[in-house]
Amino acid sequence: MGRRPARVQVDPESIDSDERPPQTGNIFNIWYSKWSGGDSSDRNTQTHSKTRCNIERDSGYTKADKEQSPFFCLYFSRGACCLGKKCEYLHRLPKETDSWIPHTLDCFGREKFAEYRDDMGGVGNFNKINRTLFVGRINEIDDSIELKISKNFAEWGDIDRIRVIPNKNIAFVTYKNELNAQFAKEAMAHQSLDPDNENEILSVKWANEDPNPEAKAKIEHEHNQQKLKIAKQLVEKLERLKQYESEKRASVTVEEPEETDDLPPKRQKMIQPSPLTPTFFNGSLSVLSELKHKKAHPQKNQALVDYSSDDSD
Amino acid sequence: MSDLPATCNNCLGENPYIEMIQEKDGRECKICTRAFTSFLWYPKIGTSIFRRTDICLTCARARNACQSCLLDLKFEINPDMRDEILGTNKHLMEFSPSTIAANNSKISKIYKANQLERNFQDEDSGNLPRHISPEPKVPQILETAEETVLRLTSSNVSQKALSSTSKSNDRKHLSTKELLKLLNKLPFNGDLTIPDDPDIKSMFLFGITDELSNFRVQEYFKEQFNSTLEATILNHRARCGFVVFESRNSAEAVAESILAGKLPEGPSLIVIDRVPLRVAWGRVCNLGLNNKDQARLAQLVKKQLSILCKNTQIPKSSNKITPTNPVTTTVSNPFAKLTFSGNEL
């Protein structure tokens, strides 16, 4: 793939900032661009997306490619970024090498929560790695439904598996990579399987765990694989740590006896990670507990003095 | 309450002189929903990406996690994973963040977290004997971690689980009439001779197992035949599916290279990740509307595979099937050791 600038997906001139969706409630929220109050049934309040991302046509480099840890452009995923190569977020699909994104954030840099929303929509949950999307409100189920879903969702990344439940008009799509699932969730929300079928407004949410025993066994298997991988990495790390500790013990034992009564300026020094220390070695929690321990004595004494003086008065 | 957040060095960044913004009761803890003193800082100079503390110090301390990335402070792994691997932190189970999170009601979350905090305060002031035993030495942790690795590599717990579930599916009975209907619809006896109908550019696959994922099939066709697929439809319950090629020409090319000098006798055999599959031309159609139909279809696939396995004469020079009963193992046990060399493709 040659390097080319990201395409401007929407003409900035054509954006009408005052545009509102058809009125479905009493109060208009300008932040979310949604109506509230009145009939709150979901079906009436959703409108078909006007734009759709086309990865092959739209992706390219942006300002973000020069940065070290950029996030993905949410507007790009919805096909509505009007900045093109000037955008400060990435205009491409997430790849497996993008694993630097902390698991408390999604690929667009939005914060996850401890629990899912009741309707399983939204950004998602940081306690669970969910690679499966629920696709609801599919209008027509015919012989080619699996083909359509496969084509539409494969645009956003490698698919692990797809399961269509025709008599309920729903489908489950599992991606290989969690980031791709996050991207696809935004990209396919309010879209339709056939191009410009305004009657079909897909609702894309996170899937609950599959209760099927076969699927459960598979999940357990994957979990064990993951555990094994992490345990192996841990062993490597610990071996390095062991080596480091033995070296440390052999070389220096000077610092310890001098630290009995401490001065405040020392504190700032303690926060600094020593350049020698491997990154996993020191958590600041231990520093904190040390500080607390030292503080405890002088504070107690002061309190006693104050109290006795009050008494004498 | 605290002067410093409990964070790992990874989250703090490389700059030793870091500037933090502290805000008293600035945020709501994501685990126990109480307000806590939050911190915000920029780990890299000159970027707009900031980090901040997401959980309160009590919740962080209970699981020895970083307040910002929620990973273990020392090993930088998920605390749940750490507990599973090392078996640590057991003594805190009663008030652990997972039990806090398991409570749906906000009030009980706050109550549990407050109890936890009181425990910690008692420990700090020395009124209560410390729950936390002196931190285990690195060699000890290393030992437990190594043990876990050994246990996980040697155990076949998950393999057993997988094979047992697929066996239970086999018990379902078939009704012959409906099976015949399905059999007529799908090209179970088809082959790879180029069909007359020029519209067909898809192939029917059967014999897939639960481990075979869509992207692996795609990769296989890319690597082996250098052809991109327009779509892959795998129905794992029905154990069959379709691959749709981008054009008729590329589909024909793949068919020819699969056959490569062999007679098109019935569906051809391909092996993806040690899973033997049968391929034949076929138009994309529905693979059963409900679970019952799909289970029937899976039965049919199994039957057909066993028939094909008996009929196909495998050249002795290139292929060997090691298990004594190859038919059942191919379907029911995905981990059966089938050794195929790629030559016969």
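Each chain gets a letter, A, B and so on, in the order the sequences are listed, and its residues count up from 1.
- At least one cation-pi condition fails for B:Lys30 and A:Phe126: the charged atom is not both under 6.0 angstrom from the six-membered ring centre and inside a 45 degree cone around its axis.
- Distance alone, capped at 3.5 Å, places no donor-acceptor pair between the A:Lys227 side chain and the B:Glu84 backbone.
- Counting heavy-atom pairs closer than 4.5 Å to chain B, the top residue among A:Glu88, A:Lys151, A:Glu111, A:Lys112 is A:Glu111.
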### Task
Go through the steps for A:Leu234 and B:Phe75 under the test side-chain contact (heavy atoms from CB on, under 4.5 Å), then give the verdict.
CA-CA 7 Å; A:Leu234 190 63; B:Phe75 311 121; 3.5 Å; yes
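- Using a 4.5 Å cut-off between heavy atoms, B:Arg216 does not touch chain A at all.
- With a 4.5 Å cut-off on non-hydrogen atoms, B:Ser68 touches chain A through its backbone but not through its side chain.
- For chain A, the nearby part of B:Ile77 is the side chain; its heavy atoms alone come within less than 4.5 Å.
- With respect to chain B, the highest number of heavy-atom pairs below 4.5 Å among A:Thr174, A:Ile165, A:Val164, A:Asp158 belongs to A:Asp158.
- Counting heavy atoms from C-beta on, the side chains of B:Arg237 and A:Asn212 come closer than 4.5 Å.
- In this structure, A:Ser150 contributes its side chain and B:Ala231 its backbone to no donor-acceptor pair below 3.5 Å.
- For B:Arg283, no part lies near chain A; criterion is any non-hydrogen pair under 4.5 Å.
- Across all non-hydrogen atoms, the minimal contact from B:Leu70 to A:His103 is CB-CE1, 4.2 Å.
- For chain B, the option among A:Gln226, A:Gln233, A:His223 with the highest count of heavy-atom pairs below 4.5 Å is A:His223.
- Between B:Ile85 and A:Ile230 there is a side-chain heavy-atom pair separated by less than 4.5 Å.
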### Query
How far apart are the C-alpha atoms of A:Leu147 and B:Phe242, what are their side-chain angles, what is the distance that settles it, and do they pass the side-chain contact (heavy atoms from CB on, under 4.5 Å) test?
CA-CA 9 Å; A:Leu147 180 65; B:Phe242 295 94; over 6 Å; no
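- When all heavy atoms of B:Asp210 and A:Arg161 are compared, the pair lying nearest together is O-NH2, 2.6 Å.
- Pairing each heavy atom of B:Asp54 with each of A:Thr104, the nearest pair is OD2-CB, 3.9 Å.
- Heavy atoms closer than 4.5 Å to chain A are found in both the backbone and the side chain of B:Cys285.
- Enclosure of atom CD1 in B:Ile49 by more than 12 non-hydrogen atoms of other residues, nucleotides or ligands within 6.0 angstrom is indicated.
- Closest non-hydrogen pair, B:His236 versus A:Asp160, comes out as CE1-O, 4.4 Å.
- The number of heavy-atom neighbours closer than 6.0 Å to CD1 of A:Ile219, taken from other residues, nucleotides and ligands shown, is above 12.
- Looking only at heavy-atom pairs under 4.5 Å with chain B, the residue among A:Glu222, A:Lys176, A:Lys232 that has the most is A:Lys176.
- Only the backbone of B:Leu212 comes within less than 4.5 Å of a heavy atom of chain A; no side-chain atom from C-beta onward does.
- The number of heavy-atom neighbours closer than 6.0 Å to CG of B:Asp199, taken from other residues, nucleotides and ligands shown, is above 12.
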### Query
What do the steps show when you test A:Lys237 against B:Glu76 for side-chain contact (heavy atoms from CB on, under 4.5 Å), and what is the final call?
CA-CA 10 Å; A:Lys237 252 182 200 179; B:Glu76 279 165 17; 3.7 Å; yes
